[in-house]
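First the structure, in the form of structure tokens, and then the observations on it.
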Amino acid sequence: MDKIKVLFASFLFGMVTVNLFCQVSISVDNSPADSSAILDVKSYSKGLLIPRMTLAQRNMIAHPAQGLMIFCTENNKYYFNQGTSGSANWIMLNSQWVSVDSKIYYNTGNIGVGTTSPGQRIHLVDGNFLIEGVHETALIMKRDTTFMDGRSGNSPNPIFHIGRINRAGDKDPEFRVLYEDAITPETPVFEFDRKGIVASVKPPLSSGLSVGSHFEGFYHGAAFPYFRLNSFPKMRLEMGPGGNEDVDVAVERFAKKMLGFYTKNICQVVIDSLGRMGIGTLLPKSKLEVHGFIHSSDSGFKFPDGTVQKTAALCVPANLVSTAQKPYNYTVNYGIDVNIPQPCKEITIADLSTNPGNSGFVLISPNGKRWKITVNDDGELKATPDQ
């Protein structure tokens, strides 16, 4: 028995060296403890085994010291007491972090900030998400798939950069969204500045045609927009299939202080700053100017004196008197030109006379010259230029 005690004492003396500073070294080569360590364990073939227990056994430890460590056999995790001996706070240690103070938590692939039960990959509670940098920064979202047969063509691996802060044309900061994919270079598509001005930024089409900033309004399930606000070629409200399709109908700022109405991408009606409307003409000279026919299907035309005209009849001046007191018979073919009213092309009158003292009739020759026609007492007609 004494021999066993001597051998055991020799073993301990060979394995443990206590220096003058109360440092303990456990090693196979009798090396002293590191100057920074109170206990220095050295081995090239064995490790350190700390107490193993269940969570219930861990919680039964009376007054656990701060920093006390155990290994849980239920989930194969290490725990240490981050709290105090009077108020324990056991924190799990793993190759993936779990908690940094009480605000950040990792749980089965989800990260919680301000919550210990994150419901998404990143779950932020009662706080702000900040991306900061000297250069442009953004939240980048990518879809690892290809969208086929879209109105703009295929979109392989689409990426949106959300929140790029840049300078607008007036040097004010603006919030910008950009798009790119495997074949499309990074391109800004939407922005708004600190003044609240919102704009979409549309690049030229592959065909070379230009498009402007626009906003399309859809309803749920609609294949085409209800309307589109566009800035190209001029400010306009469009209604049609949208996308890159031709416009069906549109209302446009045709020019300064002028409004234009379009069908089939052609301006059909304009209203200028003086309130003059042109139909079929872009430069109206009267309150209403029509290039073409005016048709009334049933009501006719009402004049300032309150009379309504439903048929085309020639108005006879009061000083034209039929010597035979016969009703006038007219065969009339006439037209209305948009610029210069034209005279009747054909008038057939049974009996026509002028009162004595009248100066005659004025006729216009094909070259536009005015001629006054009079008759003398011998019945001879005379034509003189009318001034």
Side-chain angles (χ1 to χ4, degrees), residues 91 93-218 225 228-236 242-244:
I91 301 300
L93 300 178
N94 198 3
S95 59
Q96 294 174 311
W97 55 267
V98 175
S99 179
V100 178
D101 63 47
S102 60
K103 299 299 183 181
I104 304 177
Y105 195 83
Y106 177 89
N107 184 17
T108 62
N110 293 342
I111 298 174
V113 180
T115 175
T116 59
S117 302
Q120 296 293 330
R121 287 289 182 260
I122 299 179
H123 188 166
L124 175 65
V125 175
D126 294 332
N128 299 314
F129 186 79
L130 174 64
I131 301 177
E132 182 179 4
V134 177
H135 302 289
E136 292 185 38
T137 57
L139 176 64
I140 300 177
M141 303 177 66
K142 180 181 179 182
R143 185 76 180 272
D144 292 327
T145 186
T146 298
F147 291 84
M148 306 291 291
D149 303 324
R151 292 176 65 82
S152 302
N154 295 339
S155 302
N157 305 119
I159 301 174
F160 278 94
H161 303 253
I162 302 175
R164 294 271 290 269
I165 299 178
N166 206 331
R167 292 203 304 175
D170 58 4
K171 309 304 182 184
D172 273 350
E174 61 183 4
F175 182 91
R176 179 176 284 183
V177 177
L178 301 96
Y179 173 82
E180 66 174 303
D181 56 38
I183 59 177
T184 305
E186 184 182 278
T187 305
V189 294
F190 175 81
E191 61 190 33
F192 62 88
D193 64 16
R194 68 174 186 170
K195 300 181 293 298
I197 298 176
V198 179
S200 63
V201 184
K202 298 285 288 183
L205 303 178
S206 58
S207 62
L209 297 176
S210 295
V211 292
S213 299
H214 71 255
F215 173 81
E216 295 184 350
F218 285 82
R228 179 171 65 184
L229 299 175
N230 205 340
S231 65
F232 182 86
K234 299 173 182 177
M235 290 183 288
R236 55 164 56 183
N244 300 331

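Just so we're clear, the structure is a prediction, and the values are computed from it rather than from any experiment.
Atoms CZ and CG, on Arg167 and Asp193 in that order, are 13.5 Å from each other to the nearest 0.5 Å. Atom NZ in Lys195 sits 3.5 Å away from atom CG in Asp170 (nearest 0.5 Å).
Shortest non-hydrogen contact noted between Tyr179 and Val189 is CB-CG1, 4.0 Å. Across all their heavy atoms, His123 and Pro118 have their closest contact at ND1-CA, 3.4 Å. Across all their heavy atoms, Ile165 and Glu136 have their closest contact at O-CG, 3.5 Å. When all heavy atoms of Pro188 and Arg176 are compared, the pair lying nearest together is CB-CD, 3.7 Å. Leu124 approaches Asn128 most closely through the heavy-atom pair CD2-C, 3.7 Å.
Looking only at side-chain heavy atoms (C-beta outward), Lys142 and Asn157 come within less than 4.5 Å of each other.
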> Checking side chain to side chain contact (heavy atoms under 4.5 Å, CB included) for the pair Phe175/Ile162: CA distance, chi angles, key distance, verdict?
Replying inline: CA-CA 9 Å; Phe175 182 91; Ile162 302 175; 4.2 Å; yes
>> Determine whether Leu139 and Phe160 satisfy the following criterion, side chain to side chain contact (heavy atoms under 4.5 Å, CB included), listing intermediate values before the conclusion.
In response: CA-CA 8 Å; Leu139 176 64; Phe160 278 94; over 6 Å; no
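Panel note: side chain Thr146, backbone Met148; no donor-acceptor pair is recorded below 3.5 Å.
Partner of Pro156 under the side-chain contact (heavy atoms from CB on, under 4.5 Å) criterion, out of Thr184, Asp181, Asp144: Asp181 alone.
The local environment of CD1 in Ile183 is crowded, with over 12 non-hydrogen atoms from other residues, nucleotides or ligands closer than 6.0 Å.
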